[in-house]
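What's counted below: heavy atoms across the whole structure, side chains too, no hydrogens, waters or symmetry copies.
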Amino acid sequence: MKKRFLSVITALAIAVGAFGTQTLTLFGGASATAQAATAVAVPKSNIASGSYTVPGAFKVILTCPTEGATIYYKINNYDWKEYTKSVSITQNSTLKIYAKKNGVSSDIATYTYQLTPNMAVVAASDSTDTNQRIVIRSNVPAIQYYYTLDGTTPTTSSKLYTMAGINITKTSTLTVLAVRNNWNSRIITKTITVKGGTTTPEKPDPSEQTIPGLSTVVTGNTNILTDYTKKWGYNQLTSAQQKAYARIYNMADKTAESASLSDLGIKTSELEKIYWAFDYDNPQFLALGSGFGYSYNSATKQAISLSITYGRSKSEISAIQKQFDSTAQSVIATAKTKPTDYDRLKYIHDWVVSNTDYISSGPAYKSEADGPMVYGKALCEGYSKAFMYLAQSMGYECVCIVGKANGGAHMWNMVKIGNRWYHVDTTFDDPIMSDGSRVVRHTYFLVSDSAIKRTHTISNPFAVPSAPVSY
């Protein structure tokens with residue numbers, strides 16, 4: 001991912017940020033080198049063996065202490081494969097790994113992973129005066145649900161849940177069994193109290209509506225891409241900070257060299273928050289590069305000016321702008337034919353992950369929206385910027401979020417539907433599976449804070465929205 005840094009003009013201060021390729025420095029003399037030729041260390045997985053409740057598949061990262069060794073892995077009965085960037089665990093799995101260098105192989109390490117689906121039984125309220133319909137939600141595909149209403153433990157012979165939901169007409173103890181092939185089963189129990197005895201008309205099929213609090217298309221088609229006053233990062237700033245944001249925006253819009261901040265009273269300690277609020281709000285600027293520099297008054301610690309470290313020239317961006325715009329408009333036009341917010345955002349999510357190959361290093365486009373839109377290759381930052389560009393172009397508030405995932409620096413999105421925010425990680429929904437097949441996943445599509453925090457840690461330079469529930 002892109003490096004965040006500050007290059008100060010009057011007094012150099014560099015803060016290398018979360019978005020660089022990690023470098024492993026090894027120390028050792030001639031004896032250590034000689035030993036490496038005859039012995040190869042056993043590789044390791046970053047996730048220990050165990051049972052995990054997850055909202056879908058998860059990825060493990062493999063490392064080997066022996067520099068230059070190639071890691072190989074196999075899952076269950078599949079053939080051995082050479083390790084590249086990560087391994088997707090999509091079912092109960094036995095993962096075997098070893099490393100090889102100069103014809104010498106390490107011992108084999110074995111990890112076992114047992115998966116249990118994350119799921120929720122959704123009710124308008126646990127206690128109501130009238131009948132209500134219960135919906136079961138999970139981000140894990142291909143689950144079958146069996147249930148009872150008398151508190152007994154359901155089996156696969158119990159009543160099968162359908163998209164019509166479960167109509168509760170009296171006080172009941174709902175027990176749900178979730179079953180998926182090659183996963184552990186899970187049971188959830190929920191007591192629903194119905195105080196009144198009156199019968200109310202049944203609600204429409206939940207497959208044609210949303211859970212209370214969610215929405216169908218309400219945002220409209222108003223493009224907010226260039227209206228930064230409607231964007232999340234901008235609205236987390238003070239009035240003076242917003243003025244600085246506006247000047248940075250205008251500077252980027254003209255690919256200008258610097259913006260004056262001397263009259264705003266902005267402390268240098270505020271610049272990280274201001275600049276990254278601008279960067280993580282605005283995917284339309286394709287030349288932002290690696291961050292910013294600033295000059296300041298050493299006595300007052302107030303910023304005098306700020307400059308962007310552009311990654312590409314204006315002419316380089318102009319050369320691909322027509323193709324970028326054409327691709328974006330084609331995706332947007334198709335997405336707008338979809339009937340609901342969910343369907344529209346799902347379409348652009350699926351388009352990004354289906355048309356982008358992950359790369360850990362490469363040209364500047366890897367960190368910008370044209371990575372997926374023009375070149376079909378991107379780092380996580382490029383995935384996120386492309387999704388945000390398409391979402392904002394259709395009128396959805398969307399922002400980039402940074403932190404760590406599976407032990408490494410990472411970027412993903414949050415998007416707003418109606419009055420609720422949700423997490424979306426198009427990179428982690430990368431459809432390349434451990435067996436080489438390509439299947440679009442929705443494990444990290446419109447999920448809650450609690451769901452994302454199972455694998456992600458947020459370390460944003462400005463406040464992030466709250467996402468209390470998954471869609």
Side-chain angles (χ1 to χ4, degrees), residues 47-58 76 89-94 111-200 202-207 209-214 441-455 468-471:
I47 299 181
S49 297
S51 298
Y52 296 91
T53 299
V54 294
F58 64 88
N76 297 335
I89 303 300
T90 61
Q91 61 183 16
N92 289 342
S93 300
T94 298
Y111 292 82
T112 57
Y113 300 110
Q114 298 289 313
L115 306 190
T116 302
N118 178 37
M119 57 179 286
V121 175
V122 182
S125 173
D126 291 349
S127 180
T128 66
D129 292 325
T130 60
N131 301 355
Q132 67 168 303
R133 191 176 297 274
I134 307 300
V135 177
I136 302 173
R137 295 287 194 191
S138 176
N139 289 310
V140 182
I143 296 181
Q144 288 189 309
Y145 304 101
Y146 302 88
Y147 68 94
T148 61
L149 294 173
D150 59 2
T152 59
T153 301
T155 67
T156 53
S157 298
S158 301
K159 191 167 183 178
L160 179 66
Y161 173 84
T162 70
M163 289 301 294
I166 304 170
N167 192 32
I168 303 295
T169 61
K170 63 181 180 179
T171 297
S172 304
T173 301
L174 171 64
T175 308
V176 180
L177 168 68
V179 177
R180 187 189 183 196
N181 289 340
N182 300 314
W183 283 53
N184 294 341
S185 60
R186 184 179 181 188
I187 291 179
I188 288 183
T189 297
K190 190 179 191 71
T191 299
I192 306 297
T193 301
V194 179
K195 299 176 182 178
T198 59
T199 301
T200 57
E202 291 197 353
K203 297 178 181 179
D205 188 324
S207 64
Q209 65 170 32
T210 56
I211 306 173
L214 302 182
R441 298 193 300 256
H442 300 93
T443 306
Y444 296 93
F445 177 61
L446 302 182
V447 300
S448 67
D449 289 334
S450 60
I452 202 73
K453 287 178 181 178
R454 292 186 178 93
T455 50
V469 298
S470 295
Y471 196 99

Leu174 and Ile166: CA distance, side-chain angles, deciding distance, side chain to side chain contact (heavy atoms under 4.5 Å, CB included) verdict: CA-CA 9 Å; Leu174 171 64; Ile166 304 170; 3.9 Å; yes
Can you check side chain to side chain contact (heavy atoms under 4.5 Å, CB included) on Lys190 and Ile192, steps first, answer last? CA-CA 6 Å; Lys190 190 179 191 71; Ile192 306 297; 3.9 Å; yes
Are Tyr113 and Phe58 close enough, and set up right, to give a ring pair (Phe, Tyr, Trp, His ring centres under 6.0 Å), and what steps lead you there? CA-CA 10 Å; Tyr113 300 110; Phe58 64 88; 5.7 Å; yes
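Surrounding CG of Asn181 are at most 12 heavy atoms belonging to other residues, nucleotides or ligands under 6.0 Å away.
Put simply, the side chain of Ser185 reaches to within 4.5 Å of the side chain of Leu177, judged on heavy atoms. With contacts defined as side-chain heavy-atom distances shorter than 4.5 Å, the pair Tyr52/Ile47 qualifies. No side-chain heavy atom of Val447 sits less than 4.5 Å from a side-chain heavy atom of Tyr471. Annotation: side chain of Ile168 is not in contact with side chain of Arg133 (no heavy-atom distance under 4.5 Å). Under the 4.5 Å side-chain criterion, counting only non-hydrogen atoms from C-beta, Tyr146 is not in contact with Val176. Using a 4.5 Å heavy-atom threshold, the side chains of Leu149 and Lys159 count as separate. At a threshold of 4.5 Å between non-hydrogen side-chain atoms, the residues Tyr147 and Thr175 do not count as touching. Side-chain contact check for Met119 versus Ile143: every heavy-atom pair is 4.5 Å or farther apart.
Interatomic distance, CG of Asn167 versus OG of Ser172, reported as 10.0 Å (0.5 Å rounding). Rounding to the nearest 0.5 angstrom, the gap separating the OG1 atom in Thr116 from the CD atom in Gln114 is 8.0 Å.
Counting only distance, with no hydrogens or angles, the side chain of Ser470 and the backbone of Ser448 share a donor-acceptor pair below 3.5 Å. Looking at Thr171, its side chain never comes within 3.5 Å of a backbone N or O of Thr193 through a donor-acceptor pair. For Thr155 (side chain) and Ser157 (main-chain N/O), a donor-acceptor pair under 3.5 Å exists by modelled atom type.
Considering Asn182, Thr90, Ile89, Asn184 as possible partners of Leu115, the one that fulfils the side chain to side chain contact (heavy atoms under 4.5 Å, CB included) test is Ile89.
Between Ser49 and Tyr111, the shortest heavy-atom distance links the atoms OG-CA, 3.2 Å.
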